[in-house]
Amino acid sequence: MSIAPLISLKKMGDERGSLVSLEQNSNIPFDIKRIYYIFDTQSGLSRGFHAHYNLEQVAICMKGSVTFLIDDGTTKEQVTLSSPDVGLHIQGLKWREMHDFSEDCVLMVVASELYDESDYIRDYAEFIDVVERNA
Ligand code: T46
């Protein structure tokens with residue numbers, strides 16, 4: 001079982017193209033409070049390097065590609081997103097890094113909470129500490 005499972009987002013398609021609908025508590029498994037997106041990325045520059053105390057997210061690569069590293073303090077998983085009909089579900093205490101952005105990448109993230117800098121753990125040693133205290 002994956003520590004950050006992929007969600008398959010049903011694609012409605014016909015000869016005009018494709019359409020994906022995101023619905024809270026349906027294919028997005030929580031109440032949606034915020035959506036943000038990352039673009040103008042550069043291939044050599046990584047992002048992330050933090051965990052959250054209390055945030056659930058689904059990341060969807062709308063264009064291009066990006067590789068996520070997800071780490072729960074014990075297990076590390078790497079997954080490349082490159083399709084707008086696949087979501088990466090990240091919940092609980094998970095360190096995340098984003099690497100190898102393609103230059104055309106547009107990464108959209110659907111989140112369960114409003115932005116709150118105090119929810120971030122930006123130091124890896126502190127992350128491991130929190131994981132151990134929660135074990
Ligand atoms: C995550 C990964 C996948 C805001 O003001 N509001 C927001 O909603 C967000 C997400 C960020 N910001 C500000 C905070 C920083 O000054 O935008 C700046 C860049 O944010 P950050 O360095 O946290 O971006 P990433 O790409 O490292 O991480 C982001 C999310 O912050 C994070 O929750 O899980 O994407």
Side-chain angles (χ1 to χ4, degrees):
M1 170 120 164
S2 173
I3 59 171
L6 291 173
I7 297 175
S8 175
L9 302 166
K10 185 168 176 236
K11 203 160 69 167
M12 269 77 72
D14 55 31
E15 63 285 353
R16 298 167 300 166
S18 300
L19 184 154
V20 170
S21 163
L22 305 178
E23 294 192 0
Q24 63 180 4
N25 300 310
S26 178
N27 57 355
I28 301 298
F30 48 79
D31 283 352
I32 298 169
K33 290 227 181 103
R34 176 169 56 113
I35 296 172
Y36 60 91
Y37 42 95
I38 294 169
F39 58 104
D40 287 346
T41 51
Q42 287 166 50
S43 51
L45 297 182
S46 298
R47 305 183 64 107
F49 300 92
H50 58 255
H52 286 279
Y53 288 104
N54 175 40
L55 184 67
E56 198 168 341
Q57 303 194 107
V58 174
I60 303 163
C61 189
M62 309 304 287
K63 192 165 191 272
S65 61
V66 57
T67 296
F68 271 77
L69 174 80
I70 306 290
D71 174 356
D72 68 0
T74 309
T75 304
K76 287 184 172 62
E77 281 180 11
Q78 204 165 292
V79 58
T80 297
L81 299 182
S82 60
S83 174
D85 62 354
V86 174
L88 176 67
H89 184 203
I90 310 170
Q91 70 174 139
L93 276 172
K94 305 280 172 1
W95 185 261
R96 82 272 333 252
E97 299 174 8
M98 293 168 278
H99 301 285
D100 300 330
F101 283 98
S102 65
E103 287 184 6
D104 61 347
C105 180
V106 180
L107 178 69
M108 183 175 79
V109 183
V110 181
S112 66
E113 303 297 333
L114 301 181
Y115 175 70
D116 175 6
E117 183 56 38
S118 70
D119 187 59
Y120 284 71
I121 308 170
R122 294 193 182 271
D123 178 79
Y124 190 76
E126 188 188 336
F127 164 66
I128 294 297
D129 230 48
V130 175
V131 168
E132 284 169 1
R133 273 190 273 125
N134 278 268

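The analysis underlying the following values was restricted to heavy atoms, covering all of them including side chains, and did not include hydrogens, waters or symmetry mates.
Below 30°, between 30° and 60°, or above 60°: for W95 and F127 the angle between ring planes is between 30° and 60°, a tilted geometry.
For the atom pair CG (L107) and SG (C105), the distance works out to 5.5 Å, reported to the nearest 0.5 Å. For the atom pair R96 CZ and I70 CD1, the distance stands at 6.0 Å (nearest 0.5 Å). Taken to the nearest 0.5 Å, the CG atom of L45 stands 11.0 Å off from the CG atom of D100. One distance of note links CD of Q24 with NZ of K33; it measures 10.0 Å at 0.5 Å rounding. Separation of atoms CG (N134) and CG (D129) is listed at 10.5 Å; rounding is to 0.5 Å. Distance check, rounded to the nearest 0.5 Å: NZ of K94 to CG of D71 gives 10.0 Å.
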Report task. Applying side-chain contact (heavy atoms from CB on, under 4.5 Å), run through I7 and I28 and close with a yes or a no. Result -> CA-CA 9 Å; I7 297 175; I28 301 298; 5.7 Å; no
Query - CA sep, side-chain torsions, deciding dist, call: L55, D116, side-chain contact (heavy atoms from CB on, under 4.5 Å) - result: CA-CA 10 Å; L55 184 67; D116 175 6; over 6 Å; no
Query raised in the report: When you look at C61 and S82, which way does the side-chain contact (heavy atoms from CB on, under 4.5 Å) test go after all the steps?
Result: CA-CA 6 Å; C61 189; S82 60; 5.5 Å; no
Query - Working for side-chain contact (heavy atoms from CB on, under 4.5 Å), residues R47 and F101 - result: CA-CA 9 Å; R47 305 183 64 107; F101 283 98; 3.6 Å; yes
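Under 3.5 Å, the side chains of Q57 and Y36 contain a donor-acceptor pair of N or O atoms. The closest side-chain donor-acceptor pair between S46 and H99 falls under 3.5 angstrom.
M62 and F68 fall into different hydrophobic clusters, where Ile, Leu, Val, Met, Phe, Trp and Tyr side chains are chained together by heavy-atom contacts under 4.5 Å. A continuous path of hydrophobic side-chain contacts links I35 to L22 [ILVMFWY only; heavy atoms under 4.5 Å]. Hydrophobic clustering of Ile, Leu, Val, Met, Phe, Trp and Tyr side chains at less than 4.5 Å, counting indirect connections, unites M108 with I32. Under a hydrophobic clustering in which Ile, Leu, Val, Met, Phe, Trp and Tyr are joined whenever their side-chain heavy atoms come within less than 4.5 Å, directly or via other members, V66 and L88 fall into the same cluster. Under the 4.5 Å side-chain heavy-atom criterion for grouping Ile, Leu, Val, Met, Phe, Trp and Tyr, F39 is not connected to V109 through any hydrophobic cluster.
With T41 contributing its side chain and V106 its backbone, the two residues share no donor-acceptor pair below 3.5 Å. Under a 3.5 Å cut-off, the side chain of N27 and the backbone N or O of S21 do form a donor-acceptor pair. Judged by distance alone, the side chain of E77 and the main-chain N or O of I3 form a donor-acceptor pair under 3.5 Å. S112 contributes a side-chain N or O that, together with a main-chain N or O of E56, makes up a donor-acceptor pair within less than 3.5 Å. No donor-acceptor pair under 3.5 Å is formed between the side chain of D119 and the backbone N or O of H52.
The aromatic ring centres of Y115 and Y120 sit less than 6.0 Å apart.
Proximity of S83 to L9: side-chain heavy atoms (C-beta onward) are nowhere separated by under 4.5 Å. Counting heavy atoms from C-beta on, the side chains of I121 and L93 come closer than 4.5 Å. L81 places none of its side-chain heavy atoms less than 4.5 Å from the side chain of I60.
Contact record, P29 with V58: CD-CG2, 4.1 Å, taken as the closest heavy-atom pair. Between F30 and A111 the shortest heavy-atom distance is CE1-C, 3.6 Å.
We find that R122 and E117 are joined by a salt bridge, their nearest charged nitrogen and carboxylate oxygen being less than 4.0 Å apart.
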